[in-house]
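Throughout, protein chains are lettered first and strands after them, A, B, ... in sequence-line order, and every chain is numbered starting at 1. The structure presented is a predicted model; accordingly, all values stated were derived computationally and were not measured. Note that these values count all heavy atoms, side chains included, but never hydrogens, waters or copies made by symmetry.
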Number of protein chains: 2
Amino acid sequence: MSDNSISKPKHTDQPHDLSAQIADEIRASIVRGELVADDRLPSEAELSESYGVSRPTVREALKRLAAQSLIRTRRGATGGAFVNRQSFEDAYRQMATTATLLLSLNDVDFATACEARFALERGCMRLAAKHRDEAHLAIMRQEIARQQQADLSDEAFCASDVAFHRALVDAAGNPVLSWQLAAAVEGIEPLMNMITYKQRDREAVVALHEAILEALESRIGARLEILIDYLRDQTLRTALAARDACQKDHEA
Amino acid sequence: MSDNSISKPKHTDQPHDLSAQIADEIRASIVRGELVADDRLPSEAELSESYGVSRPTVREALKRLAAQSLIRTRRGATGGAFVNRQSFEDAYRQMATTATLLLSLNDVDFATACEARFALERGCMRLAAKHRDEAHLAIMRQEIARQQQADLSDEAFCASDVAFHRALVDAAGNPVLSWQLAAAVEGIEPLMNMITYKQRDREAVVALHEAILEALESRIGARLEILIDYLRDQTLRTALAARDACQKDHEA
DNA sequence: CCTCATTCATTTGTCAGACAATTATGAAAC
DNA sequence: GTTTCATAATTGTCTGACAAATGAATGAGG
């Protein structure tokens with residue numbers, strides 16, 4: 001990673017493909033609010049005529065938009081392309097795949113991803129303490145119980161860990177936060193799955209989870225922040241140990 | 001917003017279009033690592049033959065992948081479709097548009113978006129205090145100076161505000177954080193732009209920016225967190241006031 | 001008048017074939 | 001050796017066509 005900062009989005013107005021141009025125009029219409037959810041776009045034939053291009057070109061443009069789940073299409077008499085209501089599920093899925101690709105295809109190491117994930121989670125703790133609900137506490141209790149089962153596989157342990165933290169973030173009562181955090185956590189799950197937890201590590205994690213649950217119950221945001229820091233350190237230590245063990249395997 | 005939590009991603013394996021199926025298969029190959037960055041895909045003719053579909057269908061599939069910036073295409077003898085290195089810029093752009101759409105097309109109010117944005121930013125402050133660099137401080141100083149110009153338009157003030165906060169987050173030295181935060185901040189920029197800042201509000205914001213700069217310079221993470229909270233409250237107050245004024249306009 | 005099956009028009013999904021535009025490569029001319 | 005030009009490969013675009021799906025109009029029968 002040569003540069004940590006995000007460079008300004010490139011503004012190369014290079015003449016894209018026609019299909020890309022058309023997709024951009026329609027996308028802009030949606031963003032500007034000229035086309036709202038469930039609006040029907042003109043038919044492909046009409047679009048091809050109004051843009052002065054062929055139908056395949058229009059179709060490529062529409063497929064681009066469909067790939068971003070901006071529109072959906074339906075066949076038939078009353079069919080056509082309709083503007084999608086941008087659902088959190090879609091956005092979440094998109095972000096998760098993007099995050100996964102970013103972390104797997106790039107030279108982002110586990111420590112960096114982990115640091116980011118816990119930093120973001122830390123930011124939610126005050127809100128979680130404020131808005132937490134009995135439902136969230138129940139989920140977290142349940143997941144802790146699961147994590148205490150000795151015969152749990154590493155994948156199942158990780159999955160339960162994800163569920164626990166999702167509930168923790170959901171407790172903040174802010175869908176935007178849930179969305180971003182869920183995607184971030186999901187994104188590094190493949191990396192987390194590669195960790196083999198020793199029994200002692202699991203016990204440490206569960207103990208922290210219990211402390212987090214208690215602090216959340218008592219609505220002590222400051223303590224939650226500290227506990228998240230502990231958990232981050234614990235996770236990093238475990239990951240480093242796992243990596244060292246893996247390297248030793250390679251040497252042997 | 002009926003439900004704050006993100007429901008599990010739907011797993012409907014309904015028989016999509018052919019182009020969607022093909023796109024999914026190629027995408028899976030990329031995610032699995034069978035195709036790595038800068039690998040060249042078979043030509044459209046070869047793909048259409050191997051999948052047993054026509055070239056337009058293959059092209060629609062490729063356009064879908066291009067829309068997610070998973071591939072790029074080049075014409076000519078050595079042209080073709082190449083797997084993109086998933087860059088932070090692309091991911092950032094994608095997230096920004098997704099965030100914008102989510103906030104504009106859905107019933108996420110400004111307060112929720114704002115709360116999320118500042119909560120995430122708050123999570124970065126400890127790291128920023130630790131890793132901050134003279135370069136970041138310089139950018140922030142420069143933006144503060146710009147924000148003090150009385151004849152600045154509201155848009156320009158907002159843009160400078162975004163640049164300031166981007167530098168602040170970049171100071172954490174974690175590209176994943178920069179990526180997520182930049183997208184979040186960018187996503188609510190359209191909403192921020194609708195705010196008309198009174199002179200007094202601007203002065204309050206700039207004063208907080210100065211305090212943030214000072215705390216960052218002194219590497220006092222705890223103080224940064226408090227200041228971010230202040231800034232959040234200030235922003236919310238301004239936004240509410242602006243909304244009330246707007247409503248009063250409507251009534252008149 | 002109501003109900004149900006049928007037909008029909010509309011629209012997307014897919015295909016085949018063609019030509020234009022672009023780009024590297026290699027051969028030919030100088 | 002250098003330049004120029006033809007060539008092949010590949011994506012970009014167009015035309016026209018047919019298949020499949022789907023709601024709406026239509027008409028028969030009750």
[X]: which residues meet the salt bridge (charged side-chain N to carboxylate O under 4.0 Å, His left out) condition with it, sequence neighbours left out?
X	value
A:Arg74	none
B:Arg141	B:Glu134, B:Glu217
A:Asp24	A:Arg27
B:Arg72	B:Asp38

Practice task
Indicate whether OP1 or OP2 belonging to C:dT12 is found under 4.0 Å from a side-chain N or O atom of A:Lys63.
Solution key: no

Separation of [N] [atom2] from [X] [atom1] (nearest whole Å):
X	N	atom1	atom2	value
B:Arg59	C:dG17	CZ	P	18 Å
A:Ile22	D:dG12	CD1	C1'	12 Å
B:Leu62	D:dT13	CG	C1'	15 Å
A:Asp17	C:dT22	CG	P	12 Å
A:Glu44	C:dT12	CD	C1'	5 Å
B:Phe82	D:dA9	CZ	C1'	12 Å
A:Glu60	C:dT14	CD	P	14 Å
A:Leu41	C:dT10	CG	P	19 Å

Listed by chain and number, what are the ring pair (Phe, Tyr, Trp, His ring centres under 6.0 Å) partners of [X], not counting sequence neighbours?
X	value
A:Tyr51	none
B:Phe118	none
A:His165	A:His209

Handout entry: Proximal nucleotide (of C:dG13, D:dT10, D:dT13) relative to the A:Arg75 side chain
Key = C:dG13

Return the polar atom pairs (N/O with N/O) between nucleotides 4-7 of chain C and the protein under 3.5 Å, or none.
none

Exercise for the section: Name all residues meeting the side-chain hydrogen bond (donor to acceptor under 3.5 Å, both in side chains) criterion together with B:Thr73; count only those two or more places apart in sequence or in a different chain, and write none if there are none. Expected result: none

Exercise for the section: List for me each residue that meets side-chain hydrogen bond (donor to acceptor under 3.5 Å, both in side chains) alongside A:Glu46, sequence neighbours excluded, and say none if there are none. Expected result: A:Ser43

Exercise for the section: Applying salt bridge (Lys or Arg N to Asp or Glu O under 4.0 Å), run through B:Glu60 and B:Arg64 and close with a yes or a no. Expected result: CA-CA 6 Å; B:Glu60 285 178 11; B:Arg64 294 180 119 105; 5.1 Å; no

Distances for protein N/O vs nucleotides 24-27 of chain C N/O pairs under 3.5 angstrom?
none

Handout entry: Sorted by number, the residues of residues 48-57 of chain B with heavy-atom contact under 4.0 Å to DNA chain C
Key = B:Gly52, B:Val53, B:Ser54, B:Arg55, B:Thr57

Handout entry: Sugar-phosphate only, base, or nothing, as touched by A:Arg72 at under 4.0 Å among non-hydrogen atoms
Key = nothing

Fill in the blank from the handout: Closest non-hydrogen atoms of A:Asn174 and B:Ala116, given as atom of the first, atom of the second and distance, are ND2-N, 3.6 Å

